[in-house]
Asks: 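Please see the structure below; I have some questions.
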Amino acid sequence: MSKKLVIKVTAGADAPERCSQAFTVAAVAVASGVEVSLWLTGESAWFALPGRAAEFELPHSAPLPELLDGVLAGGRVTLCTQCAARRGIEEKDVLEGVRIAGAQVFVSEITGEGVQALVY
């Protein structure tokens, strides 16, 4: 059975350490061969847009654009449907490789066999 990790990040620039931790764990897991699904919710929804990750800064942490690129290269990134709608974000606006999906898909992912879910 392969390892699967679903990470929901609810924090953005409003809680930079929590946000950075989520992206770091996701990127390290992908690099380690773990199947990763990263969910952008709440204030992290903005990072689904081109250029927004580059605006994020946190001393002594890996650059958010590099972490996001790493997850996109080997994992899945999903923007929460409701979070996108509240921010006026549409599918045409998001980075290539980011999908928009809702709670039903999230629940389906986290209840699968052998899945570990983390929320930041």
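Here, residue 1 is the first one in the sequence, and each next residue gets the next number.
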Asks: Should Y120 and V28 be regarded as members of a common hydrophobic cluster, given that ILVMFWY residues are connected when their side-chain heavy atoms come within less than 4.5 Å of each other, either directly or indirectly?
Replies: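 Per the 4.5 Å side-chain linkage, Y120 and V28 are not co-clustered.
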Asks: Could you tell me whether a side-chain N or O of D14 sits under 3.5 Å from a main-chain N or O of G12, the two making a donor and an acceptor?
Replies: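 Yes, D14 side chain to G12 backbone: donor-acceptor pair under 3.5 Å.
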Asks: Determine, for R76 against E109, whether the closest basic-nitrogen to carboxylate-oxygen distance falls under 4.0 angstrom.
Replies: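 Looking at E109 together with R76, the answer is yes, because their closest N to O distance falls below 4.0 Å.
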Asks: Taking all non-hydrogen atoms of both residues into account, name the closest pair between C83 and C80 and its distance.
Replies: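 Where C83 meets C80 most closely, the heavy atoms are SG-SG, 3.1 Å.
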Asks: Is there a side-chain contact between L5 and V25 in this structure, where contact means two heavy atoms from C-beta onward sitting under 4.5 Å apart?
Replies: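 The answer is yes; the side chains approach within 4.5 Å.
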Asks: Please report the closest heavy-atom contact between G70 and V30, naming both atoms and the distance.
Replies: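 Heavy atoms only, the tightest pair is O-CG1, 3.6 Å.
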Asks: Would K8 pass as a cation-pi partner of F106, given that its NZ or CZ must be under 6.0 Å from the six-membered ring centre and within 45 degrees of the axis?
Replies: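 Verdict for F106: a cation-pi partner in K8.
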Asks: Decide whether L58 and V71 are clustered together by the hydrophobic rule: side chain heavy atoms of Ile, Leu, Val, Met, Phe, Trp, Tyr closer than 4.5 Å, transitively.
Replies: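 Yes, L58 and V71 fall within the same hydrophobic cluster.
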Asks: Going through the checks in order, is the side chain to side chain contact (heavy atoms under 4.5 Å, CB included) test met by Q21 and T24?
Replies: CA-CA 5 Å; Q21 289 169 3; T24 300; 5.7 Å; no
Asks: With clusters defined by side-chain heavy atoms of hydrophobic residues (ILVMFWY) lying less than 4.5 Å apart, directly or transitively, does F47 cluster with V6?
Replies: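 Different clusters: V6 never reaches F47 through Ile, Leu, Val, Met, Phe, Trp or Tyr contacts under 4.5 Å.
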Asks: Quick check on E55: does its CD atom have over 12 non-hydrogen neighbours (other residues, nucleotides or ligands) under 6.0 Å away?
Replies: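 It does: E55 CD has more than 12 such atoms within range.
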Asks: With E43, which residues qualify under salt bridge (Lys or Arg N to Asp or Glu O under 4.0 Å), at least two apart?
Replies: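 Salt bridge (Lys or Arg N to Asp or Glu O under 4.0 Å) check on E43 returns R87.
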Asks: In terms of hydrophobic clustering (I, L, V, M, F, W, Y; side-chain heavy atoms under 4.5 Å; direct or indirect links), are V77 and V34 co-clustered?
Replies: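 V77 clusters together with V34.
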Asks: Between T10 and R18, what is the shortest heavy-atom contact and its length?
Replies: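 The answer is OG1-NH1, 3.1 Å.
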Asks: For the residue pair S37 and W39, confirm or rule out a side-chain donor-acceptor distance under 3.5 Å.
Replies: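 The criterion, which ignores hydrogens and geometry beyond distance, is satisfied for W39 and S37.
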Asks: State, to 0.1 Å, how close C19 and F56 come at their nearest heavy-atom pair, and which atoms those are.
Replies: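 Minimum heavy-atom separation between C19 and F56: SG-CE1, 4.0 Å.
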Asks: Show me the pairs that pass salt bridge (Lys or Arg N to Asp or Glu O under 4.0 Å) and involve residues 20-29, at least two apart or across chains.
Replies: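 Listed by first then second residue: nothing to list.
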Asks: Side chain of T111, backbone of V107: donor and acceptor closer than 3.5 Å?
Replies: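 Side chain of T111 to backbone of V107: a pair is present.
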Asks: Would you check, one step at a time, whether the test side chain to side chain contact (heavy atoms under 4.5 Å, CB included) holds for L40 with T78?
Replies: CA-CA 6 Å; L40 305 177; T78 305; over 6 Å; no
Asks: If you compare all heavy atoms of S61 against all heavy atoms of S20, which two are closest, and at what distance to 0.1 Å?
Replies: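 For S61 versus S20, the nearest heavy atoms are CB-OG, 3.5 Å.
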Asks: Quick one: does any side-chain atom of T81 pair with a main-chain N or O of I100 as donor and acceptor, under 3.5 Å?
Replies: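 No, the answer is negative, given that no donor and acceptor are paired below the 3.5 Å cut-off.
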Asks: L118 and V105: same hydrophobic cluster, using ILVMFWY side-chain contacts below 4.5 Å?
Replies: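 They do not share one cluster, since no chain of ILVMFWY contacts under 4.5 Å joins L118 to V105.
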Asks: Is there a donor-acceptor contact under 3.5 Å from the side chain of S44 to the main chain of V9?
Replies: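 At least one qualifying donor-acceptor pair exists.
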Asks: Could you report the tightest heavy-atom contact between L64 and A53, atom names first, then the distance?
Replies: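 Where L64 meets A53 most closely, the heavy atoms are CB-O, 3.8 Å.
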Asks: Testing V94, L49, L95, L38 one by one against L79 for a side-chain contact (heavy atoms from CB on, under 4.5 Å), which residue passes?
Replies: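 Passing option: V94.
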